[in-house]
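To start, the structure itself, in C-alpha cells.
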Amino acid sequence: MNILHKIGNGVYKAGLAAVRGLTLILLGVLTLCSLFWGYYAEEMVTQASIPHREPVLLHLACMALLLLLLFPLLRLSRSGNRFKSLLLALALGLTCFWGLFLILFGRSLPTADSASVYAIAQSLASGQTGVIHPTGSYLSYYPQQIGLVAFYEGIIRLWNLLPVSYAAYHILQCVNVALACAIVYFQYRTVCLLPGGDEAAVAYLFLSLLNAPLVVYTSFVYGEIPSFAFLSGGIYLLLRFFYRPSPHRKSRLAVMACSLLMLTAAAALRKNSLIVIIAIVLVILWEWLRTHRHRLLLWAGGLALCCAVVLPAIQKVYEFRAGNTLSTGVPALSYIAMGMQESDRGRGWYNGFNFYPYEASNMDSAVTAQKSKAAIRASLEAFRADPGYALDFYADKFLSQWTDGSYFCRQATQNHTDGRIRIVKSLYEGELSPAFNHFCNVYQLLVYGGALICLAGMCRRGEEHPSLLPYVGLVAVLGGFLFHMVWEANSRYIFPYFLLLLPYAARGLGMARKAFRPRKNTGLLP
C-alpha cells in the first residue's frame, strides 16, 4: 500500500509541475503578445479580425495609471470587511446599472444563432413543437443548443404570464444582467477563499469595475453569461468544500451536491463548458491521488456522468413532447476542418463549412464527416508543403482569439432596433470605437500580467504539501487554449477563459503591491 501511495504522490507532483510549467509559458506568451499586438474589427459589416500593432508606451502608461488607482485601494483593504462590502456593493451596482443602460439605450437584438435559439424557445413556449424536426429546424443542425432552448423557454413562459407587451428577449437580457452580478459575486467569494488575503479580494472588485466586455455581453441573448454564472457558482462551492468545510456532514454533502448541479447546468447551457468540467474532473482525480479520499472519485464520476447525459436527456424530453426526433447534427469533424481553413473574418474562423457541407449532404452526419476528413487531409497537405504558411496560420489563429481585448462583444451585439442613442452607436463604429478597443486591450494586458505574477508567485512558494486545487481555473485555461487551436476560432469563445483568469490576476496584483511596499529598516543594513 505504501508503494501505491508513493506512486500516487509521484504522479500528483509530476502533474502539478506540468500544470505550473505549461501555464507559466502560456501566460508569459499571452502577456507579451497582448503588449505588442491587438486583433479586433474596425467595422461591423465584415467583422474581420484585423491585426494591429499596439502603442506599447501608451499601454504601459495606462497600466501604470490603473495601478496608481488600485494600490491606494489595496492599502484601504486593511480597514476591515466593511470596506470590502462597500466595494462589492459598488461593483454589483455598476454592473447592474451599465447592463440595464445598454438594454434601454443600446437596443441590441438577437441575431444569427442567438436569434434562432430565441425564436425556437418562443415557439415552444407558445406550444408549437414543430421546431423539433429531423430536417426542418435549426436544432437539426445544432442539437447541442437544446439546453439553452429549455432555459429560455422556461423564462419566456413566465414572462408571458405578465401583462406586458415588450418582446421576451428584453427579460432574457435582464436575466443576463442578474447573472453577470452573480459572476462577480461568486468570483469575489472564490478569491476570498484562496490564499492572498483581503488585498486580492479588493483587487478583484477593482478589476470587475473595469470589465467592459462582461457588461456589453449582458445584451447578448446566448449562452455565454448564463453558463459562466453557473460555472463560477459551481467552482466556488467546490473550493468552499475544501477550504471552508462545514463541521456538519449534511452541510458538506449539500455543498457538493449544489456544486454538481450548477456545473451540470453550465454544461447544458453551453457545450463548450465541458472543457472547464473536464479540467475540474482531472483536478479532483489528481486531488484523490494526494488525499486518497475515495468520495472524491464518486463525486468526479457523478459530475462526468451528469454532464454527459444532461443534453441527451433534455433532447429526449423534447422529442417525446413533440412526437418527433432531431438529427444528430453537424459532426465535430466539421468544426475541426473549418478551424484549419481560411476565412474572411480570420484564419480558422467561421466560413460556413460547419453548415453548407451538412446541408448539401441532405443532413447526413456520416457523409459530412467523410467530407470533413477529406478537408482536414487537404489542409494538412498544404501545411506540410509550406511549413512557413502553417506557422503563420496558427500564429494568426492564436493571436486573433487571445489578443482581442473586446472578445467580440461589439460584433455579437451590433444589431439593434431604432432608438439606439448616439453615444452607444459611437461605441460600435464611431469616435468611441478606437478608444474602447484600446481600453479593452489595456485591461486585458493588466489581467494577463496579473495572472502571470500570481502564477510565478505560486510556483516560488515551495509548499510542503502542494495542492492542484488552486490551479483549477488555470488547468481550464490551458485546456481551452489547446482545444481552440484545433476547433473553430473566435475570440468570443475565449471570453470565459479570460473570466477564469480574473481571480488569479487579482491575487497577482496584490503580490505586485507588496513588491512595491517599502520595507522596514531592521537595523541589519545601513
Side-chain angles (χ1 to χ4, degrees), residues 12-35 60 63-64 66-78 84 187-208 210 235-236 239 242-244 279 283 286-287 290 402 442-481 497-520:
Y12 187 90
K13 290 179 180 179
L16 180 59
V19 168
R20 284 174 168 173
L22 292 173
T23 50
L24 194 62
I25 293 171
L26 177 59
L27 288 174
V29 171
L30 288 176
T31 304
L32 283 175
C33 289
S34 64
L35 177 61
L60 290 176
M63 256 208 357
L66 292 177
L67 292 177
L68 286 175
L69 295 173
L70 171 63
F71 285 170
L73 292 177
L74 297 183
R75 285 198 296 270
L76 291 173
S77 65
R78 304 176 197 169
K84 290 193 298 181
Q187 287 205 311
Y188 165 75
R189 298 298 301 171
T190 300
V191 172
C192 291
L193 284 176
L194 296 175
D198 294 336
E199 289 191 347
V202 170
Y204 172 77
L205 293 174
F206 176 78
L207 290 174
S208 69
L210 303 177
I235 291 173
Y236 161 67
L239 294 177
F242 286 100
Y243 287 99
R244 301 274 178 85
V283 167
W286 247 251
E287 191 65 17
R290 185 175 70 90
W402 291 89
V442 170
Y443 178 64
Q444 179 189 66
L445 179 61
L446 184 66
V447 172
Y448 284 164
L452 177 62
I453 294 170
C454 172
L455 182 57
M458 292 168 73
C459 293
R460 287 181 57 193
R461 289 180 65 187
E463 300 152 319
E464 184 180 354
H465 300 290
S467 172
L468 197 58
L469 283 169
Y471 296 85
V472 62
L474 295 175
V475 175
V477 171
L478 185 61
F481 159 72
Y497 307 109
F498 177 75
L499 293 178
L500 285 172
L501 288 176
L502 288 176
Y504 300 98
R507 188 179 175 193
L509 293 174
M511 293 177 178
R513 160 75 177 86
K514 291 176 183 178
F516 286 102
R517 184 181 298 165
R519 296 183 180 179
K520 295 181 180 180

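What you are looking at is a predicted structure, and each value in this text was computed from that prediction instead of being measured.
Nearest heavy atom pair, residue Thr190 against residue Tyr236, reads OG1-CB, 3.3 Å. When all heavy atoms of Gly508 and Ile453 are compared, the pair lying nearest together is O-CG2, 3.5 Å. Residues Arg507 and Met458 share a closest heavy-atom pair of NH1-CG, 3.5 Å. In this structure, Val191 and Pro503 approach most closely via the heavy-atom pair CG2-CB, 3.6 Å. Considering all non-hydrogen atoms of both residues, Gln444 and Phe498 come closest at CA-CE1, 3.9 Å. The nearest pair of heavy atoms linking Thr23 to Leu474 is CG2-O, 3.6 Å.
Leu35 is listed as a side-chain neighbour of Leu60, based on a closest heavy-atom distance under 4.5 Å. Inter-residue side-chain proximity for Leu469 and Tyr243 is flagged as met; some heavy-atom pair is nearer than 4.5 Å.
Remark: Leu32 CG to Leu27 CG distance equals 11.0 Å, nearest 0.5 Å. Atom CG of Leu210 and atom CG of Leu205 lie 11.0 Å apart (nearest 0.5 Å). Here the NZ-SG distance, from Lys84 to Cys192, works out to 4.5 Å after rounding to the nearest 0.5 Å. Atom OH in Tyr448 sits 8.5 Å away from atom CG in Leu26 (nearest 0.5 Å). With rounding to the nearest 0.5 angstrom, the CG atom of Leu446 is 10.0 Å from the CG atom of Leu502. Between the CG atom in Leu468 and the CH2 atom in Trp286 there is a gap of 8.5 Å [rounded to 0.5 Å].
Taking a 6.0 Å sphere around CH2 of Trp402, one finds it holds more than 12 heavy atoms contributed by other residues, nucleotides or ligands.
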Please tabulate, for side-chain N and O atoms in residues 67-74, each donor-acceptor pair with protein atoms closer than 3.5 Å (sequence neighbours left out).
none

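Residues passing the side chain to side chain donor-acceptor pair (under 3.5 Å) test with Tyr504: none are found, sequence neighbours excluded.
In this structure a side-chain-to-backbone donor-acceptor pair under 3.5 Å is missing from Tyr471 to Leu455.
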Would Val19 and Val283 count as a side-chain contact (heavy atoms from CB on, under 4.5 Å) if you check the C-alpha gap in whole Å, the side-chain angles of each, and the deciding distance to 0.1 Å?
CA-CA 10 Å; Val19 168; Val283 167; over 6 Å; no
